[in-house]
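First up is the structure itself, then whatever we jot down about it.
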Amino acid sequence: MNKVVANADEAIRDIKDGMTLLLGGFGLCGIPENCIAALVRKNVRDLTCVSNNAGVDGFGLGLLLQKKQIRKMISSYVGENAEFERQMLSGELQVDLIPQGTLATRCLASGYGMPAIFTPAGVGTEVAEGKEIRNFNGKDYLLEYAFDADFAMVKAWKGDTHGNLIFKATSRNFNPLMAMAGKITIAEVEHLVPAGELDPNEIHTPGIYIQRIFQGAAYEKRIEQLTVQKRN
Amino acid sequence: MNKVVANADEAIRDIKDGMTLLLGGFGLCGIPENCIAALVRKNVRDLTCVSNNAGVDGFGLGLLLQKKQIRKMISSYVGENAEFERQMLSGELQVDLIPQGTLATRCLASGYGMPAIFTPAGVGTEVAEGKEIRNFNGKDYLLEYAFDADFAMVKAWKGDTHGNLIFKATSRNFNPLMAMAGKITIAEVEHLVPAGELDPNEIHTPGIYIQRIFQGAAYEKRIEQLTVQKRN
Amino acid sequence: MLDKNGIAKRIAKELKDGYYVNLGIGIPTLVANYIPKGMNVVLQSENGLLGMGPFPFEGEEDPDLINAGKQTITTVPGSAFFDSAMSFGMIRSGKVNLTILGAMEVDENGDIANWKIPGKMVKGMGGAMDLVASAKNIIVAMQHVNKAGESKLLPKCTLPLTGIRCVKKIVTELAVLDVMESGGFRLLERAPGVSVDHIVKSTAGRLLVEGEIPEMQID
Amino acid sequence: MLDKNGIAKRIAKELKDGYYVNLGIGIPTLVANYIPKGMNVVLQSENGLLGMGPFPFEGEEDPDLINAGKQTITTVPGSAFFDSAMSFGMIRSGKVNLTILGAMEVDENGDIANWKIPGKMVKGMGGAMDLVASAKNIIVAMQHVNKAGESKLLPKCTLPLTGIRCVKKIVTELAVLDVMESGGFRLLERAPGVSVDHIVKSTAGRLLVEGEIPEMQID
């Protein structure tokens, strides 16, 4: 049950042009830094990336945007990213904006073998256009479909050789969901330990959802909005 | 945010005849022993109980059955329980048998604000009778509805005064799901600690889903099938 | 007339002991500073946290601990982390008691627009559509008029909608209003020093003014 | 003719390295005893465990650690606990590679009946309907004929169904068979000492016997 690969390059070896990728993280928090760097090195192109955000200029998914490797982004909030904006306005980049809870729940649906889910998010808005609406108990819901993605890439705090994962604080965010939703899921971790070292009661993502795992390196963990208070 | 009540009797004080209750546990593992005992003392009647199993003669939900307090059981497997069988065959007790995964996912739906979910379990069987069937990608699914229950009662290993819960081993089972699905959820715990003592990273059920919590007493934790091997 | 902190202070009076609250970006964030002493309110951050605390002290920031605005934060005792599906699960199932968020426009039906201006760069709706579609209790914190001096309380929203029939109450620099079941705004309170006439002139949507309108008590 | 352990041994040969496997109650449970040395197979118990180990030593049983048959068990290194929704989530999403379960009847279409006998006390389907509706790979472990000597491999199940068009392979005390895409059983192997004729006579459903039928290799 050893799922360990040497590094990010080996983990993404069979990712090909035109594939659909799910990437964990919220803003720059909990993003699979090593996998993104390897995608840049491999220079795979025409990617469809499903990720809550699209990184910033020069970091996160911004690195893939810079090299024009992404054809389409499916996100809930694309933030402040000059290159993103330029590509979107020029029509080089397709962008599908979907509600954050819909994004999360569509991943959950994939991981839980549910072909579709109902959510009220977007009813009465342009998000509902072309979608099936159904009323339950007097309230309208949209039918939203599970994702069908070739690969998922997630970042965890700790992981074991069986692929069991533990996330830290709010870097959990979309990671456990996308981990469940990939046909092949790659986990990069800050601390890779032998099977048996993690408490089975504390595991957030059971290894059955993970196909490849590796010890990440040189994490930058950039902060997008540094907000602090002075001691007095 | 202190949700602590003194004991089970206080926790169930406003449960009334005819209500629908969700009860955590699998077999006798992780059942809310103190709450069940209090329901017996209070002698509320005509209950609809949603629980994966129905206890055994003389323990768990068997205690409520003995006193004829249950009008209807919604379960996946009702096991070996002579009084249960007698009441069911005599027509005193209504029994709805539903697939275990359907039971779990209908609770999840309630807790996640999804009015209904799709599952393939039961397609082509008598479970599908009268239910809506829908085909996604060539496979048939049943539409199953979220539960709408007055109270949920769960048993956790550790809990804090805010209602955050941690379960132990396989006593987790249906507990986190039913905890999310009750209009009012009561948690009984083996170890009640002040808010701040549990690691926020290790919490299985966030306190927002819990309305009342108490320190349980005198846990029996009976074993239904003792299976051991001899040392040699 | 209130400043941003005044609006936040007034909204803080809507909090109740035991509430779980989601605060949007902008003025709503300031509400956290005015939670009455001794009142238990737990702040939810939709990126996966219940029990959000203040900003960390300099040097103690943790890149793995941020709020939905991507700001570094801390936790309070009794907090819990979870994934985004559970986070929106608790929002959709109505466990979050109160949502406070900003808006570009609100209308007589309680519709809200706060995510998109056609022709301008669109950043996305984030979690706003989930929040407004699910919350039982939504308070909008915003300026009564926009920078061009036009009312943001309209007969009908002109911008792309975020959600429909969802706004219950509005707190602006001029007034507290609610949205009536039958449609239309109702004036509940006026800001210190602000006349009813000023509020009437600043409100484009139908406005019910009934009886004496009390001045807000915010301190 | 095989005994129960023989059936379990033969089924164990269907395991592959890296498989996640759900074992039903009865003969399937015995398969755990015959996992080839050095092969990595993780056992899933649908009450919320990946990495089920053997029974505990006397005195070391933990009432909080049981399998889906409610038996006290242990865990192996690398195990994980989860709730029942995630457990059936991994089953429904096809992450569990192989499901082995018992049956009262199996038919030419791959339909299976194993939960209810009309007129007898019905205990319930437990997780069986979820498992058979979801698993990509289902092996049935059962006796070829019932106690009355009647075949359990039928043209069409007579008992209430657990699931339809789901059984891929059947291992009995007499034979290994698969269910053909087009319907009908195909004889793959015969148990040591059992004749093809015996199997043909014991099989009520349509049975394809093509060429020489090899004897099972189980040791």
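Computed over heavy atoms, backbone and side chain alike; hydrogens, waters and symmetry mates excluded.
Closest approach of C:L49 to C:F81, counting heavy atoms only: CD1-CE2, 3.6 Å.
Judged as a salt bridge (charged side-chain N to carboxylate O under 4.0 Å, His left out), the pairs with a partner in residues 121-136 of chain C (not counting sequence neighbours) are, in order, A:E80-C:K123.
Ring planes of A:H204 and A:F167: parallel class, angle under 30° (limits at 30 and 60°).
Both the backbone and the side chain of C:F55 come within contact range of chain A, each with at least one heavy atom under 4.5 Å from a heavy atom of that chain. With a 4.5 Å cut-off on non-hydrogen atoms, A:I98 touches chain C through its backbone but not through its side chain. With a threshold of 4.5 angstrom between heavy atoms, A:E190 approaches chain C through side-chain atoms but not through N, CA, C or O. Of the atoms belonging to C:N67, it is backbone heavy atoms, and not side-chain ones, that fall under 4.5 Å from chain A.
Rounded to the nearest 0.5 Å, atoms CD (C:E150) and NE2 (C:H144) are 13.5 Å apart.
Atom CZ of A:R71 has more than 12 neighbouring heavy atoms from other residues, nucleotides or ligands inside a 6.0 Å radius.
Contacts between residues 19-33 of chain C and chain A, counted as heavy-atom pairs separated by less than 4.5 Å, involve no residue at all. At a heavy-atom cut-off of under 4.5 Å, chain A is reached by C:P160, C:L161, C:T162 from residues 153-162 of chain C, listed in order of number.
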Can you give the donor-acceptor pairs under 3.5 Å from side chains of residues 118-125 of chain A to other protein atoms, not counting sequence neighbours?
residue : atom : partner : partner atom : Å
A:T119  : OG1  : A:A121  : N            : 3.2
A:T125  : OG1  : A:G122  : O            : 2.7
A:T125  : OG1  : A:V127  : N            : 3.1

